[in-house]
Amino acid sequence: MRLLIIPFLICLFSCNTKTVAKKETNITYEANWESLKQHKTPDWFLDAKFGIYCHWGPYSVPEFENEWYSHWMYVDKNNPEANNKTGQKINKHHIETYGALDTFGYKDFIPMFTAEKFNAAEWAQLFKDAGAKFAGPVSEHADGFAMWDSDLTRWNAKNMGPKRDIMGELSTEIRKRDMKFIATFHRQWLFGWFPTWDENTDAANPEYADLYGPKLKKGDFVYPKNPHKANFNNDKYYPLANKAFNDEWLSRLKEIVDKYNPDMVWFDNKMDIISEAHRKEFLEYYYNHAENRKQDVVSTYKFFDFEEGTAVLDLERSRMKEKKTFPWLTDDSIDWKSWSHISNPQYKTTNRLIDFLVDVVSKNGSVLLNITPKANGEIPEGVKTRLLEMGAWLKLNGEAIYGSRTFKVYGEGDTTITEGHLSENKNADNTAKDIRFTTKGDILYATVLDWPEDEVLNIYTLKKDNAYFNKTITSISLLGYHKKLNFNVDNEALKIELPNKKTGNYAFVFKILAE
């Protein structure tokens with residue numbers, strides 16, 4: 001008997017050793033910032049410039065105020081945030097419409113989130129027609145409801161609500177159309193999102209702890225008046241997540257990566273409540289998973305949630321004043337008021353959306369535009385119209401966007417940009433004086449953000465003997481206009497004679513060839 005056991009143990013030890021050695025050969029990245037900085041931003045992202053995602057979940061059902069409904073609905077007189085006007089308004093609406101918080105809580109919206117008109121192929125085709133190069137859903141918002149077929153939680157879209165694998169269906173249809181698939185993840189916000197301390201609500205019921213999150217003390221979540229300042233000053237206005245929450249945060253991410261192989265994993269802010277070790281472990285896992293699949297991937301972060309150089313910096317409802325040497329991303333919603341569908345939306349104009357894209361791209365950025373589907377799976381007509389108008393513009397002018405790179409300066413014009421978290425509503429619409437530059441090889445594109453009133457367009461940056469462009473211009477054309485344009489260069493500006501009538505409704509792209 002001993003003779004049989006000894007060879008078995010030797011074999012077991014040698015087998016395990018080989019397994020570990022084999023695993024190590026597949027590890028390119030390690031869970032430390034220096035190693036993770038070796039990951040390169042892939043060319044597909046540098047070329048893509050424009051993507052679409054969508055806030056869509058049980059919070060879409062009430063169609064009231066914004067996607068924070070699931071949080072603000074609980075802000076009654078017992079809540080530390082009871083003096084918040086938005087919270088009071090939503091709480092009052094909720095009780096009057098659905099009933100008391102101990103009988104109708106957020107969980108009760110899930111059966112109403114039926115998505116009966118959701119068609120992944122139609123959504124993906126709309127994204128394609130809009131000109132997006134990458135797209136995907138919010139995989140999990142602050143509400144804790146998983147929009148995929150999860151083995152880790154019963155609170156998922158395959159088991160409840162739509163009873164469909166939303167991420168699975170969209171990943172298939174998006175990739176069929178040659179777009180990259182992205183997953184956005186907000187779960188870190190769940191820690192303190194619901195008042196799990198308040199016995200007057202269903203959020204305190206231990207039966208639903210796997211949806212509402214861990215039991216916390218009253219006042220553990222207090223949203224600051226200035227989240228931008230709070231993040232940059234490392235002002236902790238919420239507690240750090242405990243180990244169990246950290247572990248589940250990471251486990252859900254690994255499940256998403258394993259099941260759907262996203263080309264991008266995008267993160268909302270507030271990741272600094274998650275331990276640094278867990279954040280580094282995610283990047284290690286994701287980057288190595290992709291390396292083994294020979295897949296080029298992107299991850300994003302806000303503020304200081306990852307170390308600079310390990311992923312792509314993302315802004316929220318904001319943009320840069322100047323061109324940057326590094327690639328960056330900004331996410332913004334098609335609705336000025338909300339990230340999810342509401343009954344009284346205030347959609348941005350197509351002109352605003354296109355100008356925003358052109359400005360961001362000229363500064364080495366890309367745009368991730370959020371859209372707002374209804375709970376039943378329909379995309380509102382106002383959203384469709386704007387997306388298709390963007391797509392038509394990109395079909396004609398996309399050569400100045402896709403695959404482009406920055407010029408020595410981003411542009412010229414009078415419009416000033418206010419930077420900072422959630423600052424986009426402080427920025428005025430652009431005018432005909434605002435010109436943005438991009439390049440592709442030897443071609444220089446000058447995009448004018450409105451049609452000039454004069455018969456001649458002046459581009460002052462390209463005047464004679466300028467510091468940025470020392471080539472001789474041989475021809476200039478206007479995309480969408482099939483005649484060459486007359487021009488001359490003097491000590492004041494490059495002067496281009498315009499057609500008698502404007503060609504199009506939005507930003508106008510001048511293609512400049514030189515030698």
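A donor-acceptor pair is defined here as one N or O able to donate and one able to accept, closer than 3.5 Å; no such pair exists between the side chain of T406 and the backbone of N364. A donor-acceptor pair is defined here as one N or O able to donate and one able to accept, closer than 3.5 Å; no such pair exists between the side chain of D47 and the backbone of Y402. Using a distance-only test at 3.5 Å, with no hydrogens or angles considered, no donor-acceptor pair links the side chain of K323 to the main chain of S362.
Around CG of D490, the count of heavy atoms belonging to other residues, nucleotides or ligands within 6.0 Å exceeds 12. By the neighbour-count criterion of 12 heavy atoms within 6.0 Å, atom CD of E515 is sparsely surrounded, having that number or fewer from other residues, nucleotides or ligands. Atom NZ of K321 is surrounded by 12 or fewer heavy atoms from other residues, nucleotides or ligands within 6.0 Å. No more than 12 heavy atoms of other residues, nucleotides or ligands shown are found within 6.0 angstrom of NZ on K463. Annotation: Y468, atom OH; neighbour count of heavy atoms from other residues, nucleotides and ligands within 6.0 Å does not exceed 12. Counting non-hydrogen atoms of other residues, nucleotides and ligands closer than 6.0 Å to CD of E308 gives a total of 12 or fewer. In the displayed structure, E116 atom CD is contacted under 6.0 Å by more than 12 heavy atoms of other residues, nucleotides or ligands. Within a 6.0 Å radius of NZ in K117, no more than 12 heavy atoms belonging to other residues, nucleotides or ligands are found.
Looking at L357 and L353, their side chains never come closer than 4.5 Å, going by heavy atoms from C-beta outward. Proximity of R436 to L449: side-chain heavy atoms (C-beta onward) are separated by under 4.5 Å at one or more points. Side-chain contact check for T86 versus W68: every heavy-atom pair is 4.5 Å or farther apart. Side-chain contact between E378 and P373 is absent, with no heavy-atom pair separated by less than 4.5 Å. Taking 4.5 Å as the limit, some side-chain heavy atom of Y53 sits within range of a side-chain heavy atom of D331. Using a 4.5 Å heavy-atom cutoff, the side chains of L46 and R405 are in contact.
Closest non-hydrogen pair, A400 versus T447, comes out as CB-OG1, 4.5 Å. The shortest heavy-atom contact between R252 and G144 is NH1-O, 3.5 Å. Taking both residues in full, the closest heavy atoms of L485 and S477 are given as CD1-C, 4.2 Å, listed atom of the first, atom of the second, then distance. Considering every non-hydrogen atom in both L313 and F326, the closest pair reads CD2-CE1, 4.3 Å. Across every non-hydrogen atom of G136 and F181, the tightest pair is CA-CE1, 4.1 Å.
Here R352 pairs with E424 in a salt bridge; the nearest charged N to carboxylate O distance falls below 4.0 Å. Taking a cutoff of 4.0 Å between a charged side-chain nitrogen and a carboxylate oxygen, E419 and R319 do not qualify as a salt bridge. Using a 4.0 Å cut-off between a side-chain N of Lys or Arg and a carboxylate O of Asp or Glu, K363 and E322 do not qualify as a salt bridge. K180 and D296 are not joined by a salt bridge, as no carboxylate oxygen comes within less than 4.0 angstrom of a charged side-chain nitrogen.
Remark: aromatic rings of H141 and H71 are distant, center separation not under 6.0 Å. Between Y286 and F282, the ring centre distance stays below 6.0 Å. Side-chain rings of Y410 and F437 stay apart, their centers remaining 6.0 Å or farther from each other. The six-membered or imidazole ring of Y59 lies away from that of H341, with a centre-to-centre distance of 6.0 Å or more. In summary, the aromatic rings of H94 and F64 are positioned with their centroids too far apart to meet the 6.0 Å limit. Less than 6.0 angstrom separates the ring centroid of W266 from the ring centroid of H186. Less than 6.0 angstrom separates the ring centroid of Y98 from the ring centroid of F109.
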Verdict with reasoning, D263 to F134, per side chain to side chain contact (heavy atoms under 4.5 Å, CB included): CA-CA 9 Å; D263 300 289; F134 51 100; over 6 Å; no
Output, in order, the C-alpha distance, side-chain angles, deciding distance and verdict of salt bridge (charged side-chain N to carboxylate O under 4.0 Å, His left out) for K89 and E65. CA-CA 9 Å; K89 184 177 181 180; E65 284 296 307; 2.9 Å; yes
Stepwise, does the salt bridge (charged side-chain N to carboxylate O under 4.0 Å, His left out) test hold for D165 with K158? CA-CA 5 Å; D165 181 2; K158 189 70 168 74; over 6 Å; no
How far apart are the C-alpha atoms of F185 and W249, what are their side-chain angles, what is the distance that settles it, and do they pass the side chain to side chain contact (heavy atoms under 4.5 Å, CB included) test? CA-CA 10 Å; F185 198 68; W249 179 88; 3.6 Å; yes
Start with the C-alpha gap between R279 and D272, add the side-chain angles, then the distance that decides, and say whether salt bridge (charged side-chain N to carboxylate O under 4.0 Å, His left out) holds. CA-CA 9 Å; R279 283 177 271 158; D272 52 353; over 6 Å; no
Let's go through H93 and W72 carefully: what are the C-alpha distance in whole Å and the side-chain angles of both, what is the deciding distance for side chain to side chain contact (heavy atoms under 4.5 Å, CB included) to 0.1 Å, and is it a yes or a no? CA-CA 10 Å; H93 168 83; W72 293 127; over 6 Å; no
Evaluate side chain to side chain contact (heavy atoms under 4.5 Å, CB included) for R386 paired with K348, printing each intermediate quantity in order. CA-CA 9 Å; R386 285 158 176 78; K348 295 176 178 175; 5.7 Å; no
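By the 30° and 60° cut-offs, the orientation of the rings of Y106 relative to F194 is tilted. Note: W56 and F118 have tilted aromatic rings, judged against thresholds of 30 and 60 degrees for the angle between ring planes.
Taking F510 as the reference, nothing meets the ring-ring contact (aromatic ring centres under 6.0 Å, His included) condition, with sequence neighbours excluded.
Atoms NZ and CD1, on K440 and I401 in that order, are 9.0 Å from each other to the nearest 0.5 Å. From S299, atom OG reaches atom CG of D305 across 10.5 Å, with rounding to the nearest 0.5 Å. Going from atom NZ of K92 over to atom OG1 of T97 covers 9.0 Å, rounded to the nearest 0.5 Å. Rounding to the nearest 0.5 angstrom, the gap separating the CD atom in E412 from the CG atom in N458 is 9.0 Å. Rounding to the nearest 0.5 Å places OG1 of T415 at 7.0 Å from CD1 of I417. To the nearest 0.5 angstrom, D355 atom CG is 5.0 Å from N430 atom CG.
Judged by distance alone, the side chains of D129 and Q125 do bring a donor and an acceptor atom under 3.5 Å apart. Judged by distance alone, the side chains of Y260 and E255 never bring a donor and an acceptor atom under 3.5 Å apart. With hydrogens and angles left out, the side-chain atoms of T330 and E316 include no donor and acceptor closer than 3.5 Å. Checked by atom type, the side-chain pair T350/E389 shows a donor-acceptor distance below 3.5 Å. T431 and D450 are not linked by any side-chain donor-acceptor pair at a separation below 3.5 angstrom, with hydrogens and angles left out of the test.
When each of I512, N466, L457 is tested with L494 by the rule side-chain contact (heavy atoms from CB on, under 4.5 Å), just one qualifies, namely I512. Of the residues listed (N370, T372, I371), the one engaging H55 in a side-chain contact (heavy atoms from CB on, under 4.5 Å) is N370, and it is the only one.
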